[in-house]
Amino acid sequence: MRKLILTTYLLAWTLVSGFAQIQPVTLEPDGGNKRATVSENIGVVKIDITYNRPGVKGREGKIYGTTVAHYGFVDLGHGTTHAAPWRAGANDNTTIAFSHAVKIEGKELPAGKYGFFIALGETESTLIFSKINNSWGSFYYDDKADALRIAVKNEALDNSVEWLKYEFVNQTDNSATIAMMWEKRAISFKVEAETKILQMEEFRNSYRTTRAYYEILSGVNWCVANNYELEQALEWADRAVSMRIMGEKNFHTLSSKAAVLSKMNRKEEADKIMSEALPFASVLDMHFYARGLLTEKRIPEAMKVFKMNNEKNPDQWYTYSGLARGYSAMGDYKKALQFAKITLAKAPDEGTKRQLEAMIAKLENGVDIN
């Protein structure tokens, strides 16, 4: 008998244990609220906001300072806290995650995923970033887990927003403003990131292992474009050119190194490297390098490269186009027109032909085509 009871118990325990492993049924949010996620990057910093969107539902003027979105800290009659802020949404925690450290209204906040709450006020509200991010609403809020509190002014909206939403506005290269908008109120805060410093950290972390030369060039070219940490860029450029196994001496590695040197005002060294790079260049490499020289108003050097390209790659429409641009930059429109017409005869498609016809029309009227 005892053996039968034990067997029955084990069978029942096995069934219950098996059912416990079945995933719960997915249900829509309580009260018809809408789940939402909004994300944006500030440089390499990824920001994710996850929240539930309550609706106004005819309660205009009865949202703020009521049981819907109460002011201050109140006892909600449930959970472990007797002083709960507003949950900044509906249902479970509103969360904000930052992949890297940021500044909120000038105050530092480490990378992480935070529960987000707002202690509402009539004209000013306090934003709360909590280290606890997995609770139901603010019923389990604990002020000892606060990572940051910031006071901000409330903003009035002209038009009512039916469904609560978070948006990124007023973006710059290193900042964005996050605005919570619901009914006729907005509560906003500015997020800033040291985007250049963080980007360089990403490059350095990435380059601590084996990387192909073209991956290294991503960091080199970013530094040149941003005129930032050029000494480091020069080290990376040398690695792209000559590092064992993964380095390669080609037009792209050498020209990238030359670009760093040029940015550092080491023009003679840059020109020397470019002389070494040009024999590796394709038709398009040479063409666009020469056009870059034209942009820098280095017309004689550009013309030299256009001619070299034509000699190296004769009878190609790109090289004749380059000569047309070179002579146009020199003010010799007659000769430029001659090469533009040769280019037109060799054009590969109708779109290119139309562009060349427009260039010819300019040259016939004595207008530079560059």
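Applying the side-chain hydrogen bond (donor to acceptor under 3.5 Å, both in side chains) criterion to Asp142, with sequence neighbours excluded, gives no partner residue. With sequence neighbours excluded, the residues forming a ring-ring contact (aromatic ring centres under 6.0 Å, His included) with Tyr166 are Tyr51, listed by chain and number. Shown here are the ring-ring contact (aromatic ring centres under 6.0 Å, His included) partners of Phe129, two or more places apart in sequence or in another chain: Phe116, Phe189. Looking at residues two or more places apart in sequence or on another chain, you find a side-chain contact (heavy atoms from CB on, under 4.5 Å) between Ser256 and Leu217, Val220, Asn221. The salt bridge (Lys or Arg N to Asp or Glu O under 4.0 Å) check on Glu60 picks up nothing, with sequence neighbours excluded. Shown here are the side-chain contact (heavy atoms from CB on, under 4.5 Å) partners of Met308, two or more places apart in sequence or in another chain: Leu278, Met286. Scored by the salt bridge (Lys or Arg N to Asp or Glu O under 4.0 Å) test, Lys165 finds Glu167 as partners (sequence neighbours excluded). Take Met243 and apply the side-chain contact (heavy atoms from CB on, under 4.5 Å) test, not counting sequence neighbours, and it matches Arg239. For Glu235, there are no salt bridge (Lys or Arg N to Asp or Glu O under 4.0 Å) partners two or more places apart in sequence or in a different chain.
Apart from Leu284 itself, the hydrophobic cluster it occupies contains Val283, Phe288, Trp317, Tyr318, where clustering links Ile, Leu, Val, Met, Phe, Trp and Tyr at side-chain heavy-atom distances under 4.5 Å. Here Val161 is tied into one hydrophobic group with Leu157, Met181, each link being a pair of ILVMFWY side chains closer than 4.5 Å.
If you look at Tyr71 and Tyr64, their ring centroids are not closer than 6.0 Å. Remark: aromatic rings of Tyr207 and Trp236 are close, center separation under 6.0 Å.
Sorted by first and then second residue, the salt bridge (Lys or Arg N to Asp or Glu O under 4.0 Å) pairs involving residues 347-357 (not counting sequence neighbours) are Glu350-Lys353.
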